Amino acid sequence: MNEYLSSKMDVFSGDKGLFAIYDISTKLERSGQKIIHMEIGKPDFDTPKAIKKAGIQAIEEGVVQYAPPGGIFELKEAITDWTQRKYGLEYDPESELLITVGASEAIHLVWSGLLDHDEEVMIPSPYYGSYVYQVVSADAKYVEVPVLKDGDIRYDIAEFEARITDKTKILLINSPNNPTGYVMSDEEMQAVADFAIKHDLIVVSDECYDHFVFDGEFKSIATLPGMKERTLVVNSTSKTFSMTGWRVGYILGDAGIIGTLQNIHEHLAICPTSFAQQGSIAAYKQELPETKVMVDEYRKRREYIIGALDKIEKLSFYEPQGAFYVFIDVSKTGQSGADFCLGLLNKKGVATASGESFGKQWVDYIRISYCCSMDDIQKAMELIQEYIDEIEKLQ
């Protein structure tokens with residue numbers, strides 16, 4: 001077999017990460033085992049009624065064929081109006097916005113369209129694991145910049161400076177962060193902006209959790225002086241409106257770059273689903289009360305989980321400020337994150353994600369998502385304590 005092809009296959013074969021755990025947990029569930037799903041960021045709330053109604057109406061009216069590759073203009077206009085109202089950022093809906101098949105396609109288009117062979121993207125670590133799989137599939141490279149040290153998170157620009165090369169073209173940030181729930185401070189965001197300007201980097205800002213900030217307010221790096229023109233903002237309907245299965249995302253940015261990415265997108269996906277886009281218009285044209293209810297509930301769950309985890313002596317964690325995840329160090333249990341994750345799933349029916357899904361160095365960690373009911377969360381905390389007690393008896 002071709003050596004290059006073999007190396008590609010090695011990267012994508014035998015994955016034991018997030019989606020592998022999700023697959024195992026759903027198989028166990030189909031066999032009749034009760035599973036508490038804390039492994040994946042899938043909101044347990046229904047899509048708001050106004051959005052569903054608009055989507056259903058579109059189907060009934062025959063909006064089931066191809067849509068314009070760049071997205072339905074009314075949706076593009078609704079998103080740019082929303083962005084201006086929320087964050088004061090103005091974009092031309094015609095030329096500076098591309099509707100994509102979820103945020104995942106949006107980010108993959110960036111790597112495919114802007115990185116040549118062996119060019120690099122800098123990614124603060126821990127990070128959402130799909131980023132690096134996408135970079136590798138685009139035949140580019142990624143450079144991890146550790147920001148979690150000794151239980152604390154800090155964006156130290158010296159760490160970025162130590163890793164930049166003449167092949168570094170893009171810097172990705174994700175705030176609020178998956179998997180830690182960390183929200184960058186104003187000072188850190190400004191320092192990252194200054195670094196990007198100094199080295200003439202494009203910044204990709206994954207803002208999919210912009211509505212899930214529990215301490216303070218969300219801020220986009222694109223609002224900082226000199227940054228709008230070099231920032232690609234990626235977002236989606238998935239989390240804010242509990243529309244993970246609708247697969248509607250978008251990219252905001254420079255018209256030249258957006259045009260390049262659209263050329264790839266229209267030959268890869270042709271267009272996002274037409275009636276899903278029609279439903280999404282309803283999401284951005286009004287303030288939906290369901291979103292506030294959902295965010296308030298996540299805040300309550302976060303507070304409960306923090307209190308419960310504080311009482312489990314063998315676990316330590318970074319206290320999240322946003323998103324709906326907790327990144328937990330399980331090393332004091334004597335197990336790796338992967339072993340803890342699989343043991344907890346098989347013996348207690350609690351599905352979590354191994355830390356290695358978010359960077360290879362995070363072997364001592366697991367991530368839990370609190371996208372499940374409070375009853376399930378309370379039961380899961382009890383089962384996690386039970387599992388740790390059983391481990392101790394065997395040691």
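The structure displayed is predicted, hence computed values, not measured ones. Basis for what follows: all heavy atoms, side chains included, without hydrogens, waters or symmetry-related copies.
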Closest heavy-atom pair and its distance - [X], [Y]:
X: Val234; Y: Ala103; answer: CG1-CB, 3.8 Å
X: Thr223; Y: Ser220; answer: OG1-O, 2.6 Å
X: Ile366; Y: Gly337; answer: CG2-O, 3.5 Å

Side chain proximity check, [X] to [Y], heavy atoms < 4.5 angstrom:
X: Arg154; Y: Val147; result: no
X: Glu120; Y: Val135; result: no
X: Glu90; Y: Thr80; result: no
X: Val326; Y: Arg367; result: no
X: Leu28; Y: Asn346; result: yes
X: Ile377; Y: Asp375; result: no
X: Val213; Y: Pro176; result: yes

Determine, using ring centers only, whether [Y] and [X] are less than 6.0 Å apart.
X: Tyr370; Y: Tyr325; result: no
X: Tyr209; Y: Phe324; result: yes
X: Phe327; Y: Tyr365; result: yes
X: His211; Y: Trp82; result: yes
X: Tyr284; Y: Phe241; result: yes
X: Phe340; Y: Tyr387; result: yes
X: Tyr142; Y: Tyr131; result: no

Do [X] and [Y] have side-chain N/O donor and acceptor atoms under 3.5 Å apart?
X: Ser274; Y: Gln65; value: no
X: Glu29; Y: Gln33; value: no
X: Asn263; Y: Thr260; value: no
X: Ser137; Y: His108; value: yes
X: Ser175; Y: Asn177; value: no
X: Trp246; Y: Thr273; value: no

Query raised in the report: Looking at Tyr91, does the NZ or CZ of Lys228 lie under 6.0 angstrom from its six-membered ring centre and within 45 degrees of the ring axis?
Result: yes

Query raised in the report: With a cut-off of under 6.0 Å to the ring centre and 45° to the axis, is Lys360 in cation-pi contact with Trp362?
Result: no

So does [X] have more than 12 non-hydrogen atoms from other groups sitting under 6.0 Å from [atom1]?
X: Gln361; atom1: CD; value: yes
X: Lys285; atom1: NZ; value: no
X: Glu313; atom1: CD; value: no
X: Arg85; atom1: CZ; value: yes

Query raised in the report: Please walk me through it: do Phe358 and Tyr127 pass ring pair (Phe, Tyr, Trp, His ring centres under 6.0 Å)?
Result: CA-CA 5 Å; Phe358 310 99; Tyr127 50 78; 8.1 Å; no

Requested in this report: For Lys347, enumerate each residue passing the salt bridge (charged side-chain N to carboxylate O under 4.0 Å, His left out) test, keeping only those at least two apart in sequence or located in another chain.
Outcome: none

Query raised in the report: Taking only residues two or more places apart in sequence, or in another chain, which ones meet Asp81 in a salt bridge (charged side-chain N to carboxylate O under 4.0 Å, His left out)?
Result: none

Query - side-chain contact (heavy atoms from CB on, under 4.5 Å), paired with Ile202, selected from Leu171, Thr231, Ile257 - result: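 It is Ile257, the one option of Leu171, Thr231, Ile257 that forms the side-chain contact (heavy atoms from CB on, under 4.5 Å) with Ile202.
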
Report summary line: Exactly one candidate in Val121, Asp139, Val132 meets side-chain contact (heavy atoms from CB on, under 4.5 Å) with Trp111; the answer is Val121

Report task. Determine, stepwise, if the pair Thr291 / Leu288 fulfils side chain to side chain contact (heavy atoms under 4.5 Å, CB included). Result -> CA-CA 6 Å; Thr291 295; Leu288 296 168; 4.2 Å; yes

Report task. Begin from the C-alpha positions of Phe214 and Tyr298 and carry the test ring pair (Phe, Tyr, Trp, His ring centres under 6.0 Å) through to its verdict. Result -> CA-CA 9 Å; Phe214 307 122; Tyr298 282 126; 7.5 Å; no

Query raised in the report: Can you list the steps and then say if Val330 with Ile328 is a side chain to side chain contact (heavy atoms under 4.5 Å, CB included)?
Result: CA-CA 6 Å; Val330 300; Ile328 304 169; 4.2 Å; yes

Requested in this report: State which residues pass side chain to side chain donor-acceptor pair (under 3.5 Å) with Glu390; sequence neighbours excluded, sorted by chain then number.
Outcome: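 If we apply the side chain to side chain donor-acceptor pair (under 3.5 Å) test to Glu390, skipping adjacent residues, the hits are Lys348.
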
Requested in this report: Classify the angle between the aromatic ring planes of Tyr318 and Tyr182 as parallel (below 30°), tilted (30 to 60°) or perpendicular (above 60°).
Outcome: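 Perpendicular, since the angle between the ring planes exceeds 60°.
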
Taking the basic N atoms (NZ, or NE/NH1/NH2) and the acidic carboxylate oxygens, is any pair closer than 4.0 Å for [X] and [Y]?
X: Lys27; Y: Asp23; value: yes
X: Lys169; Y: Asp200; value: no
X: Lys34; Y: Asp376; value: yes
X: Lys86; Y: Glu207; value: no
X: Asp210; Y: Lys219; value: no
X: Arg163; Y: Glu159; value: yes

Requested in this report: For salt bridge (Lys or Arg N to Asp or Glu O under 4.0 Å), just list the numbers for Glu303 and Arg299, CA-CA rounded to whole Å, side-chain angles, deciding distance to a tenth of an Å, and then say yes or no.
Outcome: CA-CA 6 Å; Glu303 291 171 358; Arg299 182 180 286 107; 5.4 Å; no

Requested in this report: Name all residues meeting the side chain to side chain contact (heavy atoms under 4.5 Å, CB included) criterion together with Asp150; count only those two or more places apart in sequence or in a different chain, and write none if there are none.
Outcome: none

Query - Partners passing side chain to side chain contact (heavy atoms under 4.5 Å, CB included) against Ser242 (at least two apart in sequence or in another chain) - result: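 With neighbours one apart ignored, the set is Pro43, Phe45, Met294.
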
Report task. Given side-chain hydrogen bond (donor to acceptor under 3.5 Å, both in side chains), test His37 with Glu39 step by step and report yes or no. Result -> CA-CA 6 Å; His37 288 281; Glu39 78 276 39; 2.9 Å; yes

Query raised in the report: When clusters are formed from ILVMFWY side-chain contacts under 4.5 Å, directly or step by step, what else is grouped with Val101?
Result: none

Report task. Please test Ile99 against Val248 for side chain to side chain contact (heavy atoms under 4.5 Å, CB included), starting from the C-alpha separation and ending with a verdict. Result -> CA-CA 7 Å; Ile99 307 296; Val248 177; 4.1 Å; yes

Requested in this report: Start with the C-alpha distance between Asp296 and Lys292, add both sets of side-chain angles, then the distance that settles salt bridge (Lys or Arg N to Asp or Glu O under 4.0 Å), and finish with yes or no.
Outcome: CA-CA 6 Å; Asp296 288 344; Lys292 184 179 186 306; 2.8 Å; yes

Requested in this report: Starting from the C-alpha separation in whole Å, work towards a yes-or-no answer on side chain to side chain contact (heavy atoms under 4.5 Å, CB included) for Leu201 and Thr168.
Outcome: CA-CA 8 Å; Leu201 302 178; Thr168 309; 4.1 Å; yes

